[in-house]
Undergrad: 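Questions regarding the structure given below will be posed in turn.
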Amino acid sequence: MYYYKLSIIGSPLEPFTYHSSKILQRGAEVSVEFNKRIKRTVVLETCIKPEFDTSEIIEVHEEYYSEKQFALAQFISSYYICSLGDVLALMTPFSTSVSDENSVDWECGKQFSIELSRKQNQALNFLKQHKVSLLFGDTGSGKTEVYMKYFEEILAMGKRALFLMPEISLTPQMSERLKVHFGDLFVIWHSKLTPLQKKKALQKIYSGEAKIIAGARSCLFLPVKNLGLIVVDEEHDESYKSSSRPRYNARDIAIYMGKLYDIPVALGSATPSLSSYVKFPHARLKGGHFVSQKEFVYEKAPESLTPLIENSLRETLEKEEQSIVFLPTRANFKYLVCGDCGHAFKCAFCSVGMSLHQHSRALKCHYCNFTQAIPQVCPQCQSSHLVSSRLGTAEAVKNIQEFLPHARIEQFDRDTITTANKLKKALKRFNDKESDILVGTQMLSKGHDYHDVTLAVVLGMDNMLNMGDYRAREKALSSLIQVAGRSGRAKDAHVIVQTFNEDFFKSYIENYELFLEDEKVFREELYPPFKKLCRILFAHKNGAKAQEAMREMEANLRAFSNVEIVGAKKCAIEKVANKYRFEILLRADKSTDIIKAVKTSKVALAEVDMDPIEFG
DNA sequence: AGCACGCCGACT
DNA sequence: GTCGGCGTGCTC
């Protein structure tokens, strides 16, 4: 009899020991009876006969997790501090019943049509020369052609590539382009595929027909053989970070996979994250291929539809041209800003915006819980005109409609654009000139091509710039750049930016490198990539229990002098899904210190969020 | 994490 | 009487 340690797929529990008369390989998927139910499990290792009685493995499946998948799962499990079973649940195993022996290999004679400019060629060569590299290319500078040429070369070597893009289900244009170019060699994989679509895509992956696999986070865990390259487009995008356990960041996992598979990883962005910019060498692709000019107009005002904006929208409409109106991502919190000078209230300890808690009549820091009374006057200009109003998308649409009754206005956000189809249709209406004004949030700027926008209105940027988040500056500036990039593709355009922080945006809008260099200084003392953060969440329908768990873990953590407890408190969003939430925020120089401290201090209720990007 | 077990309150 | 609320403890 042989004894095996098995990880239960999807279970947070430690491995259990079962026996079998068969010799099983590590990574094999087997089913067992566990707690009177049949469970899928994965063979971890063999072991000696344990003290207790064991049950027999019921069935050995065709599915198996490759050595590399297994090694990756172990890394994720240890870095993000969760069970192996939780990681394995993300992965799609290989299968012994299908073989890619008959896969039609890439026809070497076939000519592709991608022609690169000299600059693009230089960039591609740079990417090829580095294990991990960053393609720092302005909107419209031709990053996609560089990726496509790179894919062609990978195909020519008989290898396959993963192409990660955020919100793939919402960016049909990019997929279309790759589909047209690579035909059946190209497949899409994301969580919104129907079961049938998934089955078909998986068939193509198993058979080896699929060579370029594009997708969101989960495509990293597909059973792809002969992997030669991973490209992560829009690497700065937040959607690469998973918001459920394990809370991994697909961009970081891609980089780890590069090492594990010994293949290159290319990250791309027009507005790279400071982390990637600091860690990896970059190739710079400057300038768009648009000949048109863009003029930035700054308006000092709190978030509102001002006369300037009304007039600009009206003029654009009268010229029968199109506008987009961008509202910063609907933050969960309100921030107090001086309506006259734009002064924002920052935490003295964390240098991030303090958010307004109306019911407790206080300003609070969401990192360390520093609290102060709501001030009556602005400390900078003595004005008593302190505002915290936010404009919603629907409200903005309504208000614009009131002064432009004949304009065809569309709301363009998560509330209205719920499916890929609705998105396609709304984009088509806009590009066919059946609508005049799009009003929306982040979704407006996510890689869509608007042919003829001559006015971009960016409302209340200060709400974003002053958020209680160490990445507020990065987020605000990159959002503005991304929105501005949607206008002026064919004709000259205006971008109206509503902000009291004109100097900030003015100095960096044409020079993101300069921003990154300056941002290094701001981050150095307290924040990533120079310091490591980790957030521990405690959620329970009984608030006292959640708090008790937090207190216990906090006490355990105090034993680790190299890990700073920044805060241990109620979450800013106290209750979610009927559960009360508490959190601990940790800071350290090295992630290994955090991992060690958290692993040994962990209590049952704790959920670990390593490298958090959301606080609340 | 599930899920069974078990112990109390409120209903046909 | 019992249906069902959720606290507790166990799973090779």
Side-chain angles (χ1 to χ4, degrees), chain A residues 1-61 63-65 70 73-74 76-93 191 218 221 242-248 535-553 556 571 574-584 598-610:
Chain A
M1 219 34 104
Y2 303 97
Y3 293 85
Y4 301 98
K5 288 232 158 78
L6 306 177
S7 264
I8 301 170
I9 295 172
S11 164
L13 301 173
E14 291 302 300
F16 291 88
T17 309
Y18 285 76
H19 66 259
S20 171
S21 58
K22 294 179 186 146
I23 294 179
L24 299 171
Q25 296 297 314
R26 187 226 304 258
E29 189 181 299
V30 301
S31 52
V32 297
E33 192 181 312
F34 176 77
N35 220 358
K36 300 183 180 72
R37 309 191 111 238
I38 306 293
K39 292 280 182 189
R40 288 167 61 220
T41 74
V42 180
V43 175
L44 224 178
E45 59 190 7
T46 57
C47 59
I48 55 158
K49 186 180 192 307
E51 300 279 300
F52 46 81
D53 287 342
T54 55
S55 302
E56 188 166 9
I57 289 169
I58 300 174
E59 193 192 347
V60 180
H61 300 185
E63 287 79 15
Y64 67 96
Y65 298 78
F70 209 84
Q74 276 178 320
I76 296 173
S77 157
S78 62
Y79 185 82
Y80 290 97
I81 312 177
C82 65
S83 75
L84 201 55
D86 273 335
V87 186
L88 289 165
L90 301 172
M91 296 188 162
T92 309
S191 58
S218 59
F221 307 123
S242 171
S243 53
S244 59
R245 198 168 37 122
R247 295 174 173 254
Y248 67 99
R535 179 178 169 242
I536 322 284
L537 264 163
F538 307 85
H540 199 274
K541 55 181 186 271
N542 180 342
K545 279 219 158 155
Q547 184 166 28
E548 177 52 36
M550 176 191 76
R551 290 280 167 237
E552 189 190 336
M553 184 153 170
N556 297 343
C571 288
E574 282 178 48
K575 207 176 174 187
V576 171
N578 222 26
K579 283 179 174 174
Y580 289 91
R581 289 147 36 94
F582 288 78
E583 68 185 344
I584 299 175
V598 171
K599 255 190 183 146
T600 38
S601 310
K602 205 166 175 274
V603 298
L605 262 187
E607 187 187 336
V608 180
D609 185 3
M610 187 61 88

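All chains are named by letter (A, B, ...) in the order of the sequence lines, taking the proteins before the strands, and each is independently numbered beginning at 1.
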Undergrad: On the nucleotide B:dG2, are OP1 or OP2 found under 4.0 Å from the side-chain N or O atoms that A:Arg37 carries?
TA: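 For B:dG2, OP1/OP2 do not have a side-chain N/O of A:Arg37 under 4.0 Å.
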Undergrad: Are any of the side-chain heavy atoms of A:Arg40 and A:His61 separated by less than 4.5 Å?
TA: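 Yes - at least one pair of side-chain heavy atoms lies under 4.5 Å apart.
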Undergrad: May I ask you to say what A:Leu6 touches in the nucleic acid, namely base, sugar-phosphate or nothing, with a heavy-atom cut-off under 4.0 Å?
TA: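 The residue A:Leu6 makes no contact with any strand.
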Undergrad: Starting at CG of A:Asn542 and ending at C1' of C:dG5, how long is that distance when rounded to a whole Å?
TA: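 Atom-to-atom, A:Asn542 to C:dG5, this comes out as 15 Å.
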Undergrad: With a 4.0 Å cut-off on heavy atoms, is A:Glu33 in touch with a base, just the backbone sugar-phosphate, or nothing at all?
TA: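 If one applies the 4.0 Å heavy-atom cut-off, A:Glu33 turns out to touch the sugar-phosphate alone, with no base involved.
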Undergrad: In whole angstroms, how far is the P atom of C:dC12 from the OH atom of A:Tyr18?
TA: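 Between P of C:dC12 and OH of A:Tyr18: 5 Å.
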Undergrad: How many Å lie between NZ on A:Lys602 and C1' on B:dA1, as a whole number?
TA: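 Rounded to the whole Å, the gap is 11 Å.
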Undergrad: How many Å lie between CD1 on A:Ile9 and P on B:dA1, as a whole number?
TA: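 For the pair A:Ile9 CD1 and B:dA1 P, the rounded distance is 18 Å.
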Undergrad: Nearest-Å distance, NZ (A:Lys5) to C1' (C:dT11)?
TA: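 Computing the A:Lys5:NZ to C:dT11:C1' distance gives 16 Å.
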Undergrad: What does A:Thr54 touch in the nucleic acid at a heavy-atom separation under 4.0 angstrom: a base, only the sugar-phosphate, or nothing?
TA: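 Sugar-phosphate only.
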Undergrad: Counting C-beta onward and ignoring hydrogens, is there a side-chain heavy-atom pair between A:Ser83 and A:Ile8 closer than 4.5 Å?
TA: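 A side-chain contact is absent here, since even the closest heavy-atom pair is not under 4.5 Å.
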Undergrad: Give a yes/no on whether any side-chain N or O of A:Lys545 is located under 4.0 angstrom from OP1 or OP2 of C:dT8.
TA: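 For A:Lys545, the contact criterion (side-chain N or O under 4.0 Å from OP1 or OP2 of C:dT8) is met.
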Undergrad: Tell me the interatomic distance from A:Ile8, atom CD1, to B:dG2, atom C1', rounded to whole angstroms.
TA: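 Checked: the CD1 to C1' distance equals 11 Å.
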Undergrad: Are the side chains of A:Tyr2 and A:Ser20 in touch, meaning some heavy atoms are under 4.5 Å apart?
TA: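 SC-SC contact between A:Tyr2 and A:Ser20 ruled out.
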Undergrad: Classify A:Phe52 by what it touches in the nucleic acid, base, sugar-phosphate, or nothing, heavy-atom distance under 4.0 Å.
TA: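 Answer is base: heavy atoms of A:Phe52 come under 4.0 Å of a base.
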Undergrad: Hey, does A:Asp53 reach any base, or is it just sugar-phosphate, or nothing, if we go heavy atoms under 4.0 Å?
TA: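 Sugar-phosphate, no base atom in range.
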Undergrad: Rounded to whole Å, how long is the line connecting atom CD1 of A:Ile38 with atom P of B:dG2?
TA: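 A:Ile38 atom CD1 is separated from B:dG2 atom P by 17 Å.
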Undergrad: Kindly indicate whether the side chain of A:Leu84, heavy atoms from C-beta on, has any atom under 4.5 Å from the side chain of A:Val42.
TA: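 They are not in side-chain contact.
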Undergrad: Let me spell it out: for each of A:Arg245 and A:Lys36, pick the nucleotide of DNA chain B with the closest heavy atom. Which residue's pick is nearer the 5' end?
TA: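 The residue closer to the strand's 5' end, by nearest nucleotide, is A:Arg245.
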Undergrad: Between C:dC6, C:dC12, B:dA1, which one does the side chain of A:Leu13 approach most closely?
TA: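 Output: B:dA1.
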Undergrad: Write down the distance between CG (A:Leu24) and P (C:dC12), rounded to a whole number of angstrom.
TA: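 The distance from CG of A:Leu24 to P of C:dC12 comes to 18 Å, rounded to the nearest Å.
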Undergrad: Check whether any side-chain heavy atom of A:Lys39 lies under 4.5 Å from a side-chain heavy atom of A:Ser31, and answer yes or no.
TA: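 No. Closest side-chain heavy atoms not under 4.5 Å.
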